[in-house]
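Notes follow the structure.
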Amino acid sequence: MATLLKLFPTCTWTGRLAHLSRKGWAQSRSGRLLPCFPASQRCASTTSYLTVEMDDNTGVAVVTMKSPPVNSLSLDFLTEFSISIEKLEMDRKCRGVILTSGLPKVFSAGLDIMEMYGKGPEHCAEFWRAVQEMWLKLYGSNMITIAAVNGSSPAGGCLMAMACDYRIMADNPKYSIGLNETLLGIVAPFWFKDTMMNTIGFRATELALQLGLLHNAPNALRVGLVDELVPEKEVLSAASTAISKWLAIPDHARQITKSMMRKPTIDRLLSHRDQDINNFVSFITKDSIQKSLQVYMERLKQRKT
Amino acid sequence: MATLLKLFPTCTWTGRLAHLSRKGWAQSRSGRLLPCFPASQRCASTTSYLTVEMDDNTGVAVVTMKSPPVNSLSLDFLTEFSISIEKLEMDRKCRGVILTSGLPKVFSAGLDIMEMYGKGPEHCAEFWRAVQEMWLKLYGSNMITIAAVNGSSPAGGCLMAMACDYRIMADNPKYSIGLNETLLGIVAPFWFKDTMMNTIGFRATELALQLGLLHNAPNALRVGLVDELVPEKEVLSAASTAISKWLAIPDHARQITKSMMRKPTIDRLLSHRDQDINNFVSFITKDSIQKSLQVYMERLKQRKT
Amino acid sequence: MATLLKLFPTCTWTGRLAHLSRKGWAQSRSGRLLPCFPASQRCASTTSYLTVEMDDNTGVAVVTMKSPPVNSLSLDFLTEFSISIEKLEMDRKCRGVILTSGLPKVFSAGLDIMEMYGKGPEHCAEFWRAVQEMWLKLYGSNMITIAAVNGSSPAGGCLMAMACDYRIMADNPKYSIGLNETLLGIVAPFWFKDTMMNTIGFRATELALQLGLLHNAPNALRVGLVDELVPEKEVLSAASTAISKWLAIPDHARQITKSMMRKPTIDRLLSHRDQDINNFVSFITKDSIQKSLQVYMERLKQRKT
């Protein structure tokens, strides 16, 4: 936990209300919200937590997470994120997504603890369904997905990065990435585990999950948690370079191949989705776990004063 | 595709008629064709596409593929190959096989596109069954199988090499190996994918299959697609050295162990064999896919003129 | 086999009678034998084959195997081992176990051949159930388990080490570790294979099992069979250092995570346990296999005279 405190000493962990501006979005005939791009090559839309910049020339959208202070994955954030990804998925011009952070030093700090602390079971269930939905959208996306990891990425942030097709990380040993849930006394669910096993294999996952390992950038490369390290200022341009290789592959063949690899893992969650929600709710609402979360937040507050 | 063109600039990709000479083969009591070796220590048999040299002293047969210009896996080639492997399998004196190419610069260029282009569904189905049969025979062989990869080995050629127990490749960075199907707009079927996952793991397979990666020899070693690199002229002798270690293991224990490792993967194809054929036929006979193959062959022709 | 002979030239491979001293153990209310520790911080119990030293301050027990000459896993040894682990498991003060050898040059030589040679099917079945039980207890332990591998560890010794959470080995190239069953003409059962696959992956397991590879310490580290090499005299202290990292993790979260990783592998044996015993008994009592074991033991004897 000391590590997390060091990473995010000013973290407030408070939930944010969703001021959904809806700027840049329009309603489609089917009733879905769709991006409403001006007739130019580059068009941007901004919501409360995300900026989506689409380049019609390349077919690549850059999705920038901007939810200060640390891009915590709150219910509102997750909802907005899943809607944005779904919109891009339905946009025929969009072939790939680069996911990055607009905040300094952090990609995403992971799940917002405020959504799990002192909340009733209904809220926890709704929140958990939104976490599942984010992963299902990203891990199962037909688009090329590149994570431009320009800061630390613990827990749910690591899950997001792992759900992409390729990960480029800033070569800064102060930044770390990993599923560190056990450090907080909680447990990464089976589909977090499955995603990590698909990325770094059984043994490295067993070690990482039990010890709640946060790998610094060089170690993350060594263990295979990220695919490439580049200087901090070049993360986005390296992501553009990388995605051009993926764009050279016929979409149809690439999509079928991607689905062949990932479908069994996705199906496993889909067929146990409600059970997974029940497990989460009954676990997180336990007195002992709530106490752990409280202790953790007290420490964060002490650290700040 | 540029890579393939570079590798095989003179490739004609035309199918060959099978002039099955049957030289060196005899019919067994059960009606099967069996090798008819003279009473010497080394005996060779030659068919249209293969030379089989058996050394009775060591129990090792060297199977050399010679189907100019690039050892394309045509229906006739595959049929002959499967028959040869089955004969060796039934030959009690034969304990191991070294599989290599008798052509310069290429191990095998993979499936013969002419068997999939402009052909009716019956032909495509027969062809695909022959591809399955080759893999079933090789991946499930009780014999020790060493691939002496003395040239490039894309697509089906890579599958052949991966189906062996051990892979030695010429240390020539101009030679490459990999499942590059997506580059042609087609998709490696699930058992190609399974075989690659068993060789290099989930993540490396996900990357390699989606991007259609052809690894040059040094990269192939690094990623684990081959087990050893040796100077080009020493590939065969290195294979002999390697197989001697395998011959030191009691056959019975080695065979049970091999089966324990590979049976689940083999059973998966066996229980979906017809479905896999149907999938292939309906995919490959699509107008869009036929168009892709046509474009690809046009480029090959332009390249040659 | 030459390797094994070199490792243990004075090995007698004879079974030992169990002189169960019961020193340091008492009977619990439920009738089970429980450790009876004096009211001090460090308390030790010694049985015929094991010394168990518990440090109440750290919650770590050091289990030292002392069954000369080579810690062969006889029926009595295995029974005692499983009872000891179960006792520690039930001891609330015990959070972790360091497993090591009290003999020079060897961690454990693996299954005692005398339990399989010239014995009736009932004895073989009882023996095999004890081998299963040892693995089930260790691989499924809720405690942190660290193997301090201070000597060679072939076959069943390797299984024991792999069943722990973390492996530290003496940096001595003369010490080796691996599942070398095929060298003796026998076959590692599926759950040995599963455990190795979970440790070093499919491909490395396929190679290691077929060839009966015994990796020396540096190779064992390279392939991932052990996690750390340290100078021979520091193996135990390094194990203490390593376990302190694991002790920093909340037990509850770590245990659920460990179970999530290992339960499928454990369940596979549990649901085929009797079948696995039958397979072993019918295999090991075959004349050909008994002959192999005899030949092996004759060589050991010749070596000694």
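Naming: A, B, ... by sequence-line order, numbering from 1 per chain. In what follows, every heavy atom counts, from backbone to side chain, and hydrogens, waters and symmetry copies are set aside.
- Listed in order of number, the residues of residues 197-205 of chain C that approach chain B to under 4.5 Å between heavy atoms are C/M197, C/F202, C/R203, C/T205.
- Side-chain polar atoms of B/S176 and B/N216 form no donor-acceptor pair below 3.5 angstrom.
- Under the rule for a side-chain hydrogen bond (donor to acceptor under 3.5 Å, both in side chains), the partners of C/R262 that lie at least two apart in sequence or sit in another chain are A/E206.
- Side-chain contact annotation: C/W191 with C/D276, donor-acceptor N/O pair under 3.5 Å present.
- Residues in residues 186-196 of chain B take part in these salt bridge (charged side-chain N to carboxylate O under 4.0 Å, His left out) pairs, two or more places apart or across chains: B/D194-B/R268.
- Panel note: side chain B/E232, backbone B/N150; no donor-acceptor pair is recorded below 3.5 Å.
- Looking at C/L209, both its backbone and its side chain come within 4.5 Å of chain B, counting heavy atoms on both sides.
- Looking at C/S72, its side chain never comes within 3.5 Å of a backbone N or O of C/S74 through a donor-acceptor pair.
- B/K263 pairs by the side chain to side chain contact (heavy atoms under 4.5 Å, CB included) definition with B/S259, B/D267, not counting sequence neighbours.
- Looking at B/D227, the atoms closer than 4.5 Å to chain C (heavy atoms on both sides) all sit in the side chain, from C-beta outward.
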